[in-house]
Participant: 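What follows is a structure written as structure tokens; I'll ask about it next.
In this text, all values refer to a predicted model and were calculated from it rather than measured experimentally.
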Protein chains: 2
Amino acid sequence: MTEQRRSTPKSIRTREAIEAAAKELFSINGFERTTVREIGARAGIDPSMIIRYFGSKDALFARVATPDLELPDLSATDSHAIGETLVRHFLAQWEGEKSGKGMTVLLRSATSNEDAAERLLDIFRTQVFPAIARAGPPDTAPLRAGLVGSQLLGLALARYVLRLPPVVAMSPDQIVRSVGETIQRYATGA
Amino acid sequence: MTEQRRSTPKSIRTREAIEAAAKELFSINGFERTTVREIGARAGIDPSMIIRYFGSKDALFARVATPDLELPDLSATDSHAIGETLVRHFLAQWEGEKSGKGMTVLLRSATSNEDAAERLLDIFRTQVFPAIARAGPPDTAPLRAGLVGSQLLGLALARYVLRLPPVVAMSPDQIVRSVGETIQRYATGA
DNA sequence: GTCTATAATTCGATAGAC
DNA sequence: GTCTATCGAATTATAGAC
């Protein structure tokens, strides 16, 4: 009992276990089909702890479904390589252990959960739109960003959520080439 | 007592009222967040009737979420107009009163419902894939169809489900031009 | 900090009267 | 064919012992 001094306090470790389990289950089954009991079981703690730590299931979801795309500053890259750069970065984020699950959580729930949908629109507004705006004429910025968004959303939906076989089978390089050319055209307004 | 609609028995009219209400609510809230009670209230009948008529909530969903894209035979169209033709038909189907709601029902539920996802993959296999296969070299057919699918899915997700403002604001002609060029490249494998 | 026990709802589905 | 009444199971969330 005297040894309360530890590298990571128990409360923090429990909190992280809950977040990891929630991220996992939300990304597989979406918000509605994931129960607090399941999260507790996977985290190895009592379900009541989840409410104690996060207040509600909704609050836990909000905590876990706030990813950052971390799109690169495109003004620094070659103007003719914007498309491929953007797609490469996008793929890396989705396949990365850190933000990938958070994105899947969000996309899987956004189609039937108001909060998740609003959160996804926010990512579009604050991350995709600014990155695209500078790549072409200002007056067509919303249009160009919208087209880029639709293609990137479709790619993520097909590859990571619905797992459309031919899209899953493609290599990252293949996707960067094929889809990159599309994004390049959308982003620059050719 | 005035006798109306002798031509359609009450049972059929009730059945149709249930299907219409279900289509409406499933397309707004998805499968999980729509309750049998809500459907009954909107249809103006008792919730128990829904189980009596369709057996279960799942069976009702299956009945309502089986749309037909009715994609055109692309072998009859100019080879350089495949993209625009496909996008125009796709938009018409989504915005049509008949099949549009069925598609929205499916897409809105496919991200968190196993049955809906499988049904969506079926549409891809039986309707999108065959239409694309003949537009380019046979060995790249799955790849080309996958890319087409990802762009069309993303377009539908952005415009009809998430309602991304700039994508909603685009006119059908604008979409046919911009996205049509992408589909053309994907479908033919340029 | 953690768990047991349970409150308070809400769900899909059923039985049976009329 | 339709509705009333309700069942049994599942859910989120809370109260309180240890």
Participant: When we call it a touch if two heavy atoms are under 4.0 Å apart, what does B:F54 touch: a base, just sugar-phosphate, or nothing?
Facilitator: nothing
Participant: If you check every side-chain atom of A:R52, which of D:dG1, D:dT6, C:dT2 has the closest atom?
Facilitator: C:dT2
Participant: So which nucleotide from D:dG1, C:dT14, C:dT4 ends up closest to the side chain of A:D46?
Facilitator: C:dT4
Participant: For the pair made of CZ in B:R37 and P in C:dG12, what is the distance, rounded to whole Å?
Facilitator: 7 Å
Participant: Does C:dG1 have its OP1 or OP2 closer than 4.0 Å to a side-chain nitrogen or oxygen of A:Y53?
Facilitator: no
Participant: If you look at every heavy atom in B:F129 and B:A145, which pair is closest and at what distance?
Facilitator: CD1-CB, 3.6 Å
Participant: What is the distance from CD1 of A:I12 to P of C:dT2, rounded to the nearest Å?
Facilitator: 12 Å
Participant: From CZ of A:F61 over to P of D:dA13, roughly how many Å is that when rounded to an integer?
Facilitator: 14 Å
Participant: Where the side chain of B:S48 is concerned, which of D:dT2, C:dA13, C:dT14 is the nearest nucleotide?
Facilitator: C:dT14
Participant: Let me know the distance between NZ of B:K57 and P of D:dA10, rounded to the nearest Å.
Facilitator: 16 Å
Participant: If you compare all heavy atoms of B:L120 against all heavy atoms of B:A110, which two are closest, and at what distance to 0.1 Å?
Facilitator: CD2-CB, 3.8 Å
Participant: Please work out which of the three classes, parallel, tilted or perpendicular, describes the rings of A:W94 and A:Y160, given edges at 30° and 60°.
Facilitator: parallel
Participant: Could you tell me how far apart B:E38 (CD) and C:dT10 (C1') are, to the nearest whole angstrom?
Facilitator: 11 Å
Participant: Would you say B:T104 and B:R108 are linked by a side-chain donor-acceptor pair, where the criterion is simply a distance under 3.5 Å?
Facilitator: no
Participant: Tell me whether A:T34 contacts the main-chain N or O of A:L25 through its side chain, where contact means a donor paired with an acceptor under 3.5 Å.
Facilitator: yes
Participant: Taking only the side-chain heavy atoms of A:I45 (C-beta and beyond), determine which of C:dC3, C:dG12, C:dT2 contains the nearest atom.
Facilitator: C:dC3
Participant: Identify, between A:D58 and B:G44, the residue whose nearest nucleotide on DNA chain D lies closer to the 5' end.
Facilitator: B:G44
Participant: Taking the minimum atom-to-atom distance to the side chain of A:K10, which one of C:dG12, C:dG1, D:dG1 wins?
Facilitator: C:dG1
Participant: Tell me the interatomic distance from A:I18, atom CD1, to D:dA13, atom C1', rounded to whole angstroms.
Facilitator: 14 Å
Participant: With respect to the side chain of A:M49, which nucleotide from D:dT11, D:dC3, C:dC3 is positioned closest?
Facilitator: C:dC3
Participant: To the nearest Å, how far apart are A:R33 CZ and D:dT11 P?
Facilitator: 11 Å
Participant: As a test of reading the structure: which of D:dT2, C:dG1, D:dT14 is closest to the side chain of A:I51, going by heavy atoms?
Facilitator: D:dT14
Participant: Is any side-chain nitrogen or oxygen of A:T14 closer than 4.0 Å to OP1 or OP2 of C:dT2?
Facilitator: yes
